[in-house]
Amino acid sequence: MSEESEKSAHFIDQIIADDLSSGKLADGLQTRFPPEPNGYLHLGHAKSICLNFGLAEKYKGRCNLRFDDTNPDKESVEYIEAIKRDIRWLGFLPNRECFASDYFEQLYSWALELIDAGKAYVCDLNAEAMRAYRGTLTEPGKPSPCRDRSPEENRALFEKMRAGEFADGEKILRAKIDMAHPNLNMRDPALYRIRRAHHHHTGDAWCIYPTYDFTHGQSDSLEHVTHSLCTLEFEDHRPLYNWFIEQLGIFPSRQIEFARLNLTYTVMSKRRLLELVEAGHVNGWDDPRMPTISGIRRRGYTPRAVRDFCETIGVTKFNSTTDIALLEHAVRNDLNRVAQRRMAVFEPLKVVLTNYPEDQEATVEAINNPEDPQAGVRAIPFTKELFIERSDFMEDAPKKFFRLAPGREVRLRYAYVIRCDEVIKDAAGEIVELRCHCDMDTLGAPPEGRKVKGVIHWVPADKSKSAEVRLFDRLFTVERPGRDKAVPFTEELNPESLKIVQAMVEPSLLQAEAGRSFQFERVGYFIADTRDSEPGAPVFNRTVPLRDSWGKQKG
RNA sequence: GGGUCCGUGGUGUAAUGGUAGCACGAGAGAUUCUGAUUCUCUUUGUUGGGGUUCGAGUCCCUACGGACCUGCCA
């Protein structure tokens, strides 16, 4: 709510605050989030979305959603719809929805303007030749043979390009800047290429398409974007960005770069994510192991958790890699407050309460969420035969094992204290059943004259149901997949990132509505999957396990 | 023998020339009908070297380290 004001402002926030107070921004702050619709949004985009929309919110400005759709070969409406859905889910509402392709006509006349001013020319060099002429990082380039064509000739040629009189790739429009510039982006960059492709937004209206460089800054300018925030790799493009604004004499948007988000144990580039999807390493863009917005949504992350996370990581120009633990903390923190508690047993071990009446129809009352009294209580059937977690029993238990062991007592969560009297094994020596004594005086009351430290979860044997649960682990086995350029990043995938198991769940869970999150007590947070759950037969995804200081101690 | 940007605990960040702080993680303890949560406490840091200054994480120089740039991708 008001937490932004407490947190110290990052460098971009400060620039904006300064511009605002110095009266530089006549119409207030205008930002934009400019995705290319060529893939699904990921956590890196979430950082940018929170930055751009967050700043607009904070300073009562506006943030546009603009599709940077200048490359019809790679873009599609499927991506556009997914992007809009993800932004909405994060809780942001664009001031306007724009398409760079809506500016194509304006861009075209600006190109003509540069041509007439002798600042752009049509070049016949093919891609390969152009590369050769460009020079290298340490050597200057040399001028194209077409560099000195007259404005008249260039105009006629460019008009023919638009009219479709040349083949794809045959000619190109270039800016005329400086072939010896140390910044290669200034060595007569491409402005327009010929490409006969169907565009998802403009259809077949064009056979020439402007490049990113010739589109982005002018689009910002047209929308009166005051602060154009982008990632570090565009730093080298800023001189070009400014060059177009100066040559054209248009609204001066200011580009400011910040570091993109990197997270341990995952990859964060659309190219790599696309590869994971296309090669079938994951089950689609919204696979819960993916760092996509749609993936983590299915995984059970909340918008609140993602926004808190983005707040935590901050905004700087330092190229860092954030520990995934920060993300996990954010989601536990939110889910702890809002998720109702339930019980589920993953590796059932039968417990028979020898002194408990045979056919008694009893229930115990369980609190739905101790963090939220409003969440109320529920009844769980309690019966003579139960399942507990196999790992909650140990035949030779160490002193610090606060669970069940021969002769030892433990509390059944929300029910009675029981004592293990007998261990039944099968022919193979496998433990198949525990025979326990139930202290009937301990329902909602402490045991007489002794203290029982351990509390374990359980489900009634006959009345619990089996449900499919998907246990997700990190997608990669190394902190920085793809770091070693010699190893394909797909070889660093974690073969155990998905385990499908059956769990015995308390009966009420069968009614779990898809998309609802729960804490399975002592285990972790889970969400009823929105894609594969059927009415009465939910499938659960593990969002994140609970912190476990005992498991850590054991190693 | 190119250009641009960046170096603060293990990780992410704050300190805007004036006490190096916060969060996560890790460790110890308290509380607990979740070995969760909560609460205490502990741990570890300004890349190196010069300079300016009463005073430098902050300004200057330099070395070192890292990122990005040679698409008609964005």
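Every chain is numbered from 1, with letters handed out A, B, ... down the list of sequences.
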So, is [X] close to the [N] phosphate, meaning a side-chain N or O under 4.0 Å from OP1 or OP2?
{"X": "A:R195", "N": "B:C73", "value": "yes"}
{"X": "A:R413", "N": "B:U32", "value": "no"}
{"X": "A:S320", "N": "B:U13", "value": "yes"}
{"X": "A:T264", "N": "B:U11", "value": "no"}
{"X": "A:T312", "N": "B:A23", "value": "no"}
{"X": "A:K552", "N": "B:G25", "value": "no"}
{"X": "A:R193", "N": "B:A74", "value": "yes"}

Sugar-phosphate only, base, or nothing, as touched by [X] at under 4.0 Å among non-hydrogen atoms:
{"X": "A:R341", "value": "base"}
{"X": "A:Q519", "value": "base"}
{"X": "A:F214", "value": "nothing"}
{"X": "A:F234", "value": "base"}

Open item on the list: For the base of B:A74 and the side-chain ring of A:Y212, does the geometry meet a stacking cutoff of under 5.5 Å between centres and under 30° between planes?
Closed with: no

Task: Test salt bridge (charged side-chain N to carboxylate O under 4.0 Å, His left out) applied to A:D168 and A:R196, A:R193, A:R195, the passing residue - done: A:R196

TODO: For the pair A:H216 and A:Y212, evaluate ring-ring contact (aromatic ring centres under 6.0 Å, His included) and give the outcome as yes or no after the intermediate values.
DONE: CA-CA 6 Å; A:H216 197 90; A:Y212 163 84; 5.0 Å; yes

Task: Within 45° cone of A:W206 ring axis and under 6.0 Å: A:R162 NZ or CZ - done: yes

TODO: Determine the Euclidean distance between corresponding C1' atoms of B:G51 and B:U58; express it in Å to zero decimal places.
DONE: 15 Å

TODO: Calculate the interatomic distance between A:H329 atom NE2 and B:G10 atom P; express it in whole Å.
DONE: 21 Å

Open item on the list: Which is it for B:G71, anti or syn, if anything within 90° of zero counts as syn?
Closed with: syn

